[in-house]
Number of protein chains: 2
Amino acid sequence: MESLGETIRKRREDKELPLRTVAAYLDIDQAILSKIERGQRNANREQVIKLARFFNMNETDLLVSWLSDKLVYEVRNEDVALKALQVAEEKVKYQKMKKL
Amino acid sequence: MESLGETIRKRREDKELPLRTVAAYLDIDQAILSKIERGQRNANREQVIKLARFFNMNETDLLVSWLSDKLVYEVRNEDVALKALQVAEEKVKYQKMKKL
DNA sequence: TCTGTTTTGAATGATTTTGTCAAAAATACA
DNA sequence: TGTATTTTTGACAAAATCATTCAAAACAGA
């Protein structure tokens with residue numbers, strides 16, 4: 001279970017690229033990319049999409065990774081984290097069903 | 001699948017209480033409570049706890065309802081909402097496992 | 001040590017959240 | 001209807017959170 005940050009750091013190190021290079025492609029300061037890789041900052045959607053393009057990864061997969069990171073962050077330190085995620089899942093399913 | 005807002009509105013109407021009364025107990029403006037009940041605003045943890053006490057409900061259950069609402073809100077309009085929730089669940093489980 | 005890379009944290013800006021207030025809209029009911 | 005009560009709305013302000021920049025510190029390797 002890898003976070004988006006861990007994933008892209010691996011990719012970047014595989015290619016032996018400095019933060020600078022990827023950050024330039026994303027048009028952000030390398031400090032931000034460093035923080036994103038280490039999970040200290042959240043990327044935004046545009047950055048995730050660019051990262052997928054840069055590293056030739058499936059965009060949807062990376063967006064799922066990113067979104068799920070945000071969800072995990074939202075329930076950090078919560079006793080009922082797991083339960084809440086499960087209930088949220090049911091709620092989303094229910095809403096989807098209602099739309100048909 | 002009921003949101004926290006729907007739940008407490010029902011309770012309040014059952015008891016035929018005006019927003020004013022419950023809002024006073026929570027120490028907030030009734031406008032906010034109105035918005036919380038209709039899902040336009042998020043309650044905070046303290047308010048959820050007070051609501052549970054006020055309506056004699058199980059605090060944990062209400063917190064789960066509240067947290068899951070927040071999660072649903074976070075993935076609204078996302079194509080990959082369900083997938084992201086499932087992945088988040090696995091991530092949380094994985095983290096929990098690692099701690100043992 | 002020198003060079004390039006990464007991390008850190010303070011400062012600043014931008015955005016979001018939270019709440020208040022008062023007026024408008026809706027509701028209840030004599 | 002008319003009046004009182006409740007609810008909703010939206011403008012506004014304060015507070016909190018979040019993103020970004022920058023420069024310095026820490027780190028890695030030759």
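Quick caveat, the model's predicted, so the values are computed rather than measured. A note on names: the letters A, B, ... follow the listed sequences, proteins ahead of strands, and every chain is numbered from 1. Computation of the quantities below employed the complete heavy-atom set of this structure, encompassing side-chain atoms and omitting hydrogens, waters and symmetry-equivalent molecules.
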Under 4.0 angstrom, heavy atoms only, what part of the nucleic acid is E37(A) near: base, sugar-phosphate, or nothing? nothing
When the C1' atoms of the five terminal pairs at each end define the local axes, what inter-axis angle does the helix from dT1(C)-dA30(D) to dA30(C)-dT1(D) show, to 10 degrees? 40°
Determine, step by step, whether S34(A) and R38(A) satisfy the side-chain hydrogen bond (donor to acceptor under 3.5 Å, both in side chains) criterion, reporting the C-alpha distance in whole Å, the side-chain angles of both residues, the deciding distance to 0.1 Å, and the verdict. CA-CA 6 Å; S34(A) 169; R38(A) 280 166 312 106; 2.9 Å; yes
Grab the N/O contacts between the protein and nucleotides 10-18 of chain C below 3.5 Å, and write none if there aren't any.
none

Selection residues 78-90 of chain A - residue pairs positive for side chain to side chain donor-acceptor pair (under 3.5 Å), sequence neighbours left out: E78(A)-R45(B)
Applying salt bridge (charged side-chain N to carboxylate O under 4.0 Å, His left out), which residue pairs with at least one partner in residues 27-37 of chain B are found, sequence neighbours left out? R9(B)-E37(B), R12(B)-E37(B)
Can you run down the ring-ring contact (aromatic ring centres under 6.0 Å, His included) pairs that involve residues 75-100 of chain A, sequence neighbours left out, and say none if there aren't any? none
For E2(B), enumerate each residue passing the salt bridge (Lys or Arg N to Asp or Glu O under 4.0 Å) test, keeping only those at least two apart in sequence or located in another chain. K10(B)
Reading DNA chain D from 5' to 3', where do the contacts with chain B start and stop? Cut-off is 4.0 Å to heavy atoms. dT6(D) to dG10(D)
Look at atom CD of Q40(B) and say whether more than 12 heavy atoms of other residues, nucleotides or ligands are closer to it than 6.0 Å. yes
If you count the non-hydrogen atoms of other residues, nucleotides and ligands that lie under 6.0 Å from NZ in K15(B), is the total more than 12? yes
Any side-chain heavy-atom pair of Q95(A) and V72(B) under 4.5 Å: yes
Side-chain heavy atoms under 4.5 Å apart, restricted to Ile/Leu/Val/Met/Phe/Trp/Tyr: what other residues fall into the cluster of Y73(B), or is it alone? none
Give every donor-acceptor pair under 3.5 Å between a side-chain atom in residues 60-68 of chain A and any protein atom, sequence neighbours left out.
residue, atom, partner, partner atom, Å
S65(A), OG, L4(A), N, 3.4
W66(A), NE1, A43(A), O, 2.9
S68(A), OG, V64(A), O, 3.0
S68(A), OG, S65(A), O, 2.9
S68(A), OG, K91(B), NZ, 2.8

Contacts of Y25(A) that satisfy ring pair (Phe, Tyr, Trp, His ring centres under 6.0 Å) - sequence neighbours left out: F54(A)
Considering residues at least two apart in sequence or located in another chain, which fulfil the side-chain contact (heavy atoms from CB on, under 4.5 Å) criterion with E46(B)? N44(B), K50(B)
Where along residues 8-25 of chain B does a heavy atom come under 4.0 Å from DNA chain D, residue by residue in number order? R9(B), R12(B), P18(B), L19(B), R20(B)
